[in-house]
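Any value given below was found using the heavy atoms of this structure, including those in side chains, with hydrogens, waters and symmetry copies removed. In what follows, residues are counted from 1 in the order of the sequence shown.
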Amino acid sequence: MVYTFVFSPCGSTKKVADVLAEEFSSAKQEVDLTDPNKNFASISLQAQDLAIVAVPSYAGRVPAVAIERIQKIQGNGAKAVAVVVYGNRAYEDTLMELKDTLKEGGFQILAAVSAIARHSIVHTIAADRPDMNDAETLKRFAQQILQKYTEGQMLEVKVPGNHPYKKAGGTPMIPKPTKDCNQCGECAKLCPVQAIDPHNVKKVDKQRCISCMRCVEICPKHARKINELLYFAAEKMLSKSCAERKENELFI
């Protein structure tokens with residue numbers, strides 16, 4: 001069985017995972033790591049299973065809530081492809097952290113991939129990615145990974161990163177509703193960390209919010225925004241550091 005375990009609040013990480021998974025099998029079991037109501041501890045894989053575990057990089061680390069949910073899954077020797085998706089800046093210790101977490105959970109690391117997608121906050125960065133060239137590259141990666149899986153090769157996969165991991169950053173930007181908000185509650189219902197009060201969506205738990213921007217992405221009225229000054233400052237900073245196109249990487 002091919003599984004995909006994906007933490008993708010705005011859909012970009014899922015796009016990358018889906019390209020890889022489609023090369024492995026037309027049938028796959030999808031597990032949404034953004035679902036706060038899912039009982040992840042009930043998921044138990046078998047040694048012959050193949051799992052794609054894909055997460056975004058937030059300030060060079062795996063989102064803490066994604067780590068907590070992945071840790072509950074029982075790997076039981078299943079083969080795993082660790083996938084980190086980032087917005088053309090840097091993924092720093094994210095891939096190392098994901099690999100370590102999977103190994104501790106009983107997975108055998110078959111390969112690792114870093115891939116670029118649209119930046120989750122500043123959408124002008126890597127705006128059209130993953131693009132057609134990315135898709136072709138990822139398909140080639142998948143074929144190499146599948147060959148390794150078929151041949152039963154389990155050489156140690158080395159990935160970039162540091163121990164200890166870099167210090168996790170705070171929540172940089174917390175979206176808030178505008179005057180166009182009609183309190184439909186869609187943002188609260190789909191928040192991966194349940195940071196929005198379902199009875200009053202103007203109330204946000206700042207300790208829970210991870211700035212994933214799902215509430216901004218899915219609002220049917222486009223009525224949830226981040227502070228404009230903070231946004232323009234981030235855009236100016238990132239437009240310099242992210243100007244050069246980075247490419248996807250395979251570690252196998």
Query raised in the report: So which heavy atom on Met173 is nearest to which on Leu230, and how close?
Result: CE-O, 3.3 Å
Query raised in the report: Just wondering, more than 12 heavy atoms not from Glu228 lying within 6.0 Å of its CD?
Result: no
Report task. Report yes or no: do Thr4 and Asp18 form a side-chain donor-acceptor pair below 3.5 Å? Result -> no
Report task. Group every Ile, Leu, Val, Met, Phe, Trp and Tyr by side-chain heavy-atom contacts under 4.5 Å, then state whether Val2 and Ile252 land in the same group. Result -> yes
Report task. Could you tell me the separation between the CZ atom of Phe24 and the CD atom of Gln143, rounded to the nearest 0.5 Å? Result -> 9.5 Å
Query raised in the report: Are the charged groups of Lys225 and Asp180 less than 4.0 angstrom apart, N to O?
Result: no
Query raised in the report: Around atom NZ of Lys166, are there more than 12 heavy atoms of other residues, nucleotides or ligands at under 6.0 Å?
Result: yes
Query - Neighbour count >12 (heavy atoms, 6.0 Å) for atom NE2, His163 - result: yes
Report task. Identify whether Val81 and Val85 are in the same connected component of the hydrophobic contact network (ILVMFWY, side-chain heavy atoms under 4.5 Å). Result -> yes
Query raised in the report: Around Lys79, counting heavy atoms of other residues, nucleotides and ligands shown, do more than 12 lie under 6.0 Å from its NZ?
Result: yes
Query raised in the report: Taking C-beta and beyond as the side chain, do Asn200 and Gln183 meet within less than 4.5 Å on heavy atoms?
Result: yes
Query - Cys184 side chain near Pro220 side chain, heavy-atom distance below 4.5 Å - result: yes
Query raised in the report: If we only count heavy atoms from C-beta on, is the Arg89 to Leu238 side-chain gap below 4.5 Å?
Result: yes
Requested in this report: Check whether any side-chain N or O of Asp100 sits under 3.5 Å from a backbone N or O of Glu97 as a donor-acceptor pair, and report yes or no.
Outcome: no
Report summary line: Minimal heavy-atom distance between Ala66 and Val55, with the atoms involved, is CB-CG1, 4.3 Å
**Report entry** Carboxylate-amine/guanidinium proximity below 4.0 Å for Lys28 and Glu30
**Finding:** yes
Query raised in the report: Please walk me through it: do Leu250 and Ile145 pass side chain to side chain contact (heavy atoms under 4.5 Å, CB included)?
Result: CA-CA 9 Å; Leu250 171 66; Ile145 296 167; 3.9 Å; yes
Query raised in the report: Using 30° and 60° as the class limits, which term best fits the ring planes of Tyr3 and Phe5: parallel, tilted or perpendicular?
Result: parallel
Query raised in the report: Is any side-chain heavy atom of Phe7 less than 4.5 Å from a side-chain heavy atom of Ile70?
Result: no
Requested in this report: Run the numbers on Leu190 and Arg214 for side chain to side chain contact (heavy atoms under 4.5 Å, CB included), then give the verdict.
Outcome: CA-CA 8 Å; Leu190 295 176; Arg214 172 174 275 183; 4.0 Å; yes
Requested in this report: Ignoring hydrogens and angles, tell me if any N or O in the side chain of Lys148 forms a donor-acceptor pair with the backbone of Leu110 under 3.5 Å.
Outcome: yes
Query raised in the report: Any side-chain heavy atom of Val19 sitting closer than 4.5 Å to one from Pro130?
Result: no
Query raised in the report: Roughly how far, to the nearest 0.5 Å, is the CD atom of Glu244 from the CG atom of Asn88?
Result: 8.5 Å
Query raised in the report: What's the shortest heavy-atom distance between Ala82 and Leu102, and which atoms?
Result: CB-CD1, 3.9 Å
Report summary line: Here the gap from Arg140 atom CZ to Asn248 atom CG, rounded to the nearest 0.5 Å, amounts to 9.5 Å
**Report entry** Side chains of Pro192 and Val65 in contact at under 4.5 Å (non-hydrogen atoms)
**Finding:** no
Query raised in the report: Leu45 and Met1: same hydrophobic cluster, using ILVMFWY side-chain contacts below 4.5 Å?
Result: yes
Report summary line: Only one of His222, Arg224, His123 passes side-chain contact (heavy atoms from CB on, under 4.5 Å) with Glu217, and that residue is His123
Query raised in the report: How close do Pro63 and Pro56 get, heavy atom to heavy atom, and via which atoms?
Result: CD-O, 3.2 Å
Report summary line: All heavy atoms of Thr94 vs all of Ser57, minimum pair found to be OG1-OG, 2.7 Å
Requested in this report: Decide yes or no on side chain to side chain contact (heavy atoms under 4.5 Å, CB included) for Val62 and Thr101, but give the supporting numbers first.
Outcome: CA-CA 10 Å; Val62 181; Thr101 302; over 6 Å; no
**Report entry** Pairwise distance CD(Glu186) to SG(Cys181) - rounded to 0.5 angstrom
**Finding:** 12.0 Å
Query - Gap between atom CE of Met237 and atom SG of Cys242 - 0.5 Å precision - result: 7.5 Å
Report task. Give a yes or no on whether the backbone of Val157 and the side-chain of Lys99 come within a donor-acceptor separation of less than 3.5 Å. Result -> yes
Query raised in the report: Would a distance-only check, ignoring hydrogens and angles, find a side-chain to backbone donor-acceptor pair under 3.5 Å from Arg208 to Ala195?
Result: no
Query raised in the report: Tyr86, Leu98: one ILVMFWY side-chain cluster at the under-4.5 Å cut-off?
Result: yes
Requested in this report: Look up atom NZ in Lys72 and atom CD1 in Ile43, then write down how far apart they are to the nearest 0.5 Å.
Outcome: 10.5 Å
Query raised in the report: Less than 4.5 Å apart, any side-chain heavy atom of Asp32 and any of Arg69?
Result: no
Query raised in the report: Counting only heavy atoms not in Lys246, do more than 12 sit closer than 6.0 Å to its NZ atom?
Result: yes
Query raised in the report: Just by modelled atom types, is the Ser8 backbone N or O under 3.5 Å from a matching donor or acceptor in the Thr13 side chain?
Result: no
Report summary line: Minimal heavy-atom distance between Ser211 and Ile174, with the atoms involved, is OG-N, 4.4 Å
Query - Within-4.5 Å side-chain heavy-atom neighbours: Ser12 and Arg129 - result: no
Query raised in the report: Going hydrophobic residue to hydrophobic residue with side-chain gaps under 4.5 angstrom, can you get from Tyr91 over to Phe141?
Result: no
Query raised in the report: Should the pair Glu247-Arg245 be classified as a salt bridge under the 4.0 Å nitrogen-to-oxygen rule?
Result: yes
Report task. Give a yes or no on whether the backbone of Gly105 and the side-chain of Gln71 come within a donor-acceptor separation of less than 3.5 Å. Result -> no
Report task. Please lay out, stage by stage, how Leu33 and Ile73 fare under the test side chain to side chain contact (heavy atoms under 4.5 Å, CB included). Result -> CA-CA 11 Å; Leu33 292 173; Ile73 299 167; 4.3 Å; yes
